[in-house]
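Read through the structure below, which is laid out as structure tokens, and then see the notes.
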Amino acid sequence: MLGRLDTPANHRRLFWICLIGIVSGTLAGIVVPAGSGWDFANFYDTGRRVAAGQVGSIYDSASRIGGEAPQGSMQFWGTPLSAYLYAPMAVLRPGAALVAFKIETALALFLALGFLFLWIARFREQPDGSLMRFAAVFVFLALLYQPFWTVFRVGGQTTPTAFLLLCGALLAHCRGRFLISWLLFGMAVLIKPFLIVGLAFLALSSGWKAFRTAVLVAVLFGVVSLLAVGWDLHARFVSRMLTGPDELKDWWFNSSLTLPFHYLGTLIGGGESDGVSETLSVALRLAAVGAVLLIGLRIVTRARRLPTDARLHLTFIVAVTVGVLASPIVWEHYVAFLFPLFAFIVAARHELGPGPLKLALAAVILCLGQNLVLALALADLVGREGTAVNLVASILKSSPCWLAAWILWRYPEELQDTHARLADRIRLPLWHEVRAHREAPGLTGQASAGGGVL
């Protein structure tokens, strides 16, 4: 039956249905004024403080701005230098700024998905020429992937912009253009500091030339930032990063791989959060981070035998994934950074086999739990007290991260061998697939030998 569904007409139909769903949902997310007091207020107030000359108070969410009350009360988690990015929002009234910010969020997300599609499509099974077939699958997965769309509930987000920067960094990195790669990755870190772990992992595992360039770019960003805002504000930022994870332990907001260990430590401590349980919780979380880093290291050290392009691609995908998995704070939209791994697995399933594909598809489906409205409703349903319930809920909420970690641990050889066999495709120009599709229209209707709707 699946074979009968695998036709050119159904590919086009699925593609347009999903694309219309994405566009319609995005327009609704822009028009509906949801999130005016959430993440939008965070960035809007930061921009107002910069515009008012109050850069030193960007980490004080309660401080008044030019004598006026702030739009919201959320803490700002970006780097000091990134605060200047939000200053243009201050020229708009809150309602207009909310719409403008959501539009920027949508444009960044669409551009990122477009570039990622053009890149990932080269890994699909060939020669079948069915670019539309993979396009239908890609937009279907993107539509299901809730971390992309929950950003509109919170008033817009900068995660899509960071995601776009990482997609550009991926393209540059695989071609050895390390200066461009690190500049783009560095800008993503300025916006989302938790990505620093992934950047450091990538710098240490991409070779000496890449490492030297990474250090040069890091020094450049550091000097510019210090000259712009001084050391005191950076000290407050570092303090915020070190103490922040202890303030964000609620599973309905945090999807971190390490979060269940907090609830486990409290459960072992008899349900009370005391010094012993907190110490155990921290130890378990650090052990989890260490395990994640070792899993990533296990892959990249064995990848040295790969052709340079393939090694750099695998290293980049693993580094970004490890960076997410090692973070103690993973907001729902941060799970978006796992999508390149899942999309690659779906595209290269003919080489990887059914195991990684099943796990990747399961992760995409379980990402429905990253919908903030659903998560908050579930928290109200099961109650926000009770360690055992919270432990189970935190495991379910972080399940996409757990599945990504299991893929890296269980299938490192498959990922390496697949990159070895597909290395020649990494060197193709970005627009190669579209050009080939247009030049060989007779092939676009053929189904791959694997059959099925995927």
Side-chain angles (χ1 to χ4, degrees), residues 116 120 123 137-138 140-150 159 163 194 197-198 201 251-264 284-285 287-300 314 316-349 351-372 374-375 378 391-416 418 454:
L116 186 62
I120 295 293
F123 300 114
V137 174
F138 186 88
F140 176 70
L141 294 176
L143 178 62
L144 282 182
Y145 207 67
Q146 285 300 299
F148 289 144
W149 314 114
T150 194
T159 295
F163 188 57
F194 88 97
V197 175
F201 189 93
W251 62 263
W252 45 91
F253 291 130
N254 194 347
S255 302
S256 171
L257 177 72
T258 66
L259 186 62
F261 294 103
H262 160 69
Y263 292 111
L264 180 61
L284 291 172
R285 288 154 66 186
V289 171
V292 165
L293 295 176
L294 288 176
I295 289 172
L297 185 63
R298 176 190 179 198
I299 295 179
V300 298
L314 177 58
F316 194 99
I317 295 293
V318 170
V320 173
T321 303
V322 165
V324 176
L325 301 183
S327 176
I329 301 176
V330 179
W331 304 107
E332 289 85 354
H333 43 89
Y334 283 8
V335 184
F337 296 106
L338 297 179
F339 190 75
L341 172 65
F342 300 145
F344 171 77
I345 291 173
V346 171
R349 66 193 181 283
E351 296 285 352
L352 284 166
L357 177 63
K358 292 177 181 177
L359 292 174
L361 292 178
V364 172
I365 294 173
L366 288 170
C367 273
L368 293 173
Q370 303 303 317
N371 183 295
L372 183 58
L374 178 61
L378 183 60
L391 173 60
V392 174
S394 66
I395 293 174
L396 291 174
K397 186 76 177 332
S398 60
S399 57
C401 292
W402 284 101
L403 290 172
W406 182 247
I407 289 171
L408 296 185
W409 170 255
R410 177 64 179 81
Y411 299 103
E413 290 81 10
E414 287 82 352
L415 289 170
Q416 295 158 25
T418 295
L454 285 178

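Basis for what follows: all heavy atoms, side chains included, without hydrogens, waters or symmetry-related copies. One-based numbering along the sequence shown.
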Q | Side-chain (Tyr334) to main-chain (Asn254) donor-acceptor, under 3.5 angstrom | A | no
Q.
Could you go through Trp251 and Leu391, starting from their C-alpha distance and side-chain angles, then the distance that decides it, and tell me whether this counts as side-chain contact (heavy atoms from CB on, under 4.5 Å)?
A. CA-CA 9 Å; Trp251 62 263; Leu391 173 60; over 6 Å; no
**Q.** Heavy-atom closest contact (Phe261 atom, Ala288 atom, distance)
**A.** CE1-CB, 3.5 Å
(Q) Quick one: does any side-chain atom of Trp149 pair with a main-chain N or O of Leu144 as donor and acceptor, under 3.5 Å? (A) no
**Q.** Distance flag, aromatic centroids of Phe339 and Phe138, threshold under 6.0 Å
**A.** yes
Q | Minimal non-hydrogen separation, Ala404 against Thr321, with atom names | A | CB-CG2, 4.2 Å
Q. Roughly how far apart are Cys401 SG and Ile395 CD1, rounded to 0.5 Å?
A. 13.0 Å
Q | Interatomic distance, Ile299 atom CD1 to Leu408 atom CG [nearest 0.5 angstrom] | A | 4.5 Å
Q: Would you give the length of the straight line joining atom CZ of Phe201 to atom CG of Leu293, rounded to the nearest 0.5 angstrom?
A: 7.0 Å
Q) Quick check: does any side chain N or O of Tyr411 sit under 3.5 Å from a backbone N or O of Gly353, one acting as donor and the other as acceptor? A) no
Q: Could you grab the distance from atom CD1 of Ile317 to atom CG of Leu314, nearest 0.5 Å is fine?
A: 8.5 Å
Q. Say you draw a straight line from CD1 of Ile407 to CG of Leu403; how long is it, rounded to the nearest 0.5 Å?
A. 6.5 Å
(Q) Suppose we screen for salt bridge (charged side-chain N to carboxylate O under 4.0 Å, His left out). Which residues come up paired with Glu351, at least two apart in sequence or across chains? (A) Arg421
Q: Using the test side-chain contact (heavy atoms from CB on, under 4.5 Å), find all partners of Ala348 that sit at least two apart in sequence or belong to another chain.
A: Phe123, Phe344, Leu352, Thr418, Leu422
Q | Taking every non-hydrogen atom, the tightest pair across Ala336 and Phe148 | A | CB-CE2, 3.6 Å
**Q.** Between CG on residue Leu359 and CD1 on residue Ile345, distance to nearest 0.5 Å
**A.** 7.5 Å
Tabulate below the donor-acceptor pairs under 3.5 Å that side-chain atoms of residues 362-371 make, not counting sequence neighbours, or state none.
residue: Gln370; atom: OE1; partner: Ser255; partner atom: OG; Å: 2.6
residue: Gln370; atom: NE2; partner: Lys397; partner atom: O; Å: 2.7
residue: Asn371; atom: OD1; partner: Val373; partner atom: N; Å: 3.0
residue: Asn371; atom: OD1; partner: Leu374; partner atom: N; Å: 3.1
residue: Asn371; atom: ND2; partner: Gln146; partner atom: OE1; Å: 2.9

**Q.** 4.5 Å side-chain heavy-atom contact, Pro340 and Ile120
**A.** no
Q: Could you check Val324 against Val335 for side-chain contact (heavy atoms from CB on, under 4.5 Å), going step by step and ending with a plain yes or no?
A: CA-CA 7 Å; Val324 176; Val335 184; 5.8 Å; no
Q: Answer yes or no: is there a side-chain heavy-atom contact under 4.5 Å between Leu141 and Leu361?
A: yes
Q) So, do Phe253 and Leu372 sit near enough that their side-chain heavy atoms are less than 4.5 Å apart? A) yes
Q) Would Leu116 and Phe163 count as a side-chain contact (heavy atoms from CB on, under 4.5 Å) if you check the C-alpha gap in whole Å, the side-chain angles of each, and the deciding distance to 0.1 Å? A) CA-CA 10 Å; Leu116 186 62; Phe163 188 57; 4.0 Å; yes
(Q) Quick check against the 3.5 Å criterion: does Ser394 have a side-chain atom that pairs as donor or acceptor with the backbone of Leu259? (A) no
**Q.** 4.5 Å side-chain heavy-atom contact, Phe140 and Val137
**A.** no
Q. Under 3.5 Å, is there a donor-acceptor pair between the side chain of Arg298 and the main chain of Trp409?
A. yes
Q: Applying side-chain contact (heavy atoms from CB on, under 4.5 Å), run through Val289 and Thr258 and close with a yes or a no.
A: CA-CA 7 Å; Val289 171; Thr258 66; 3.8 Å; yes
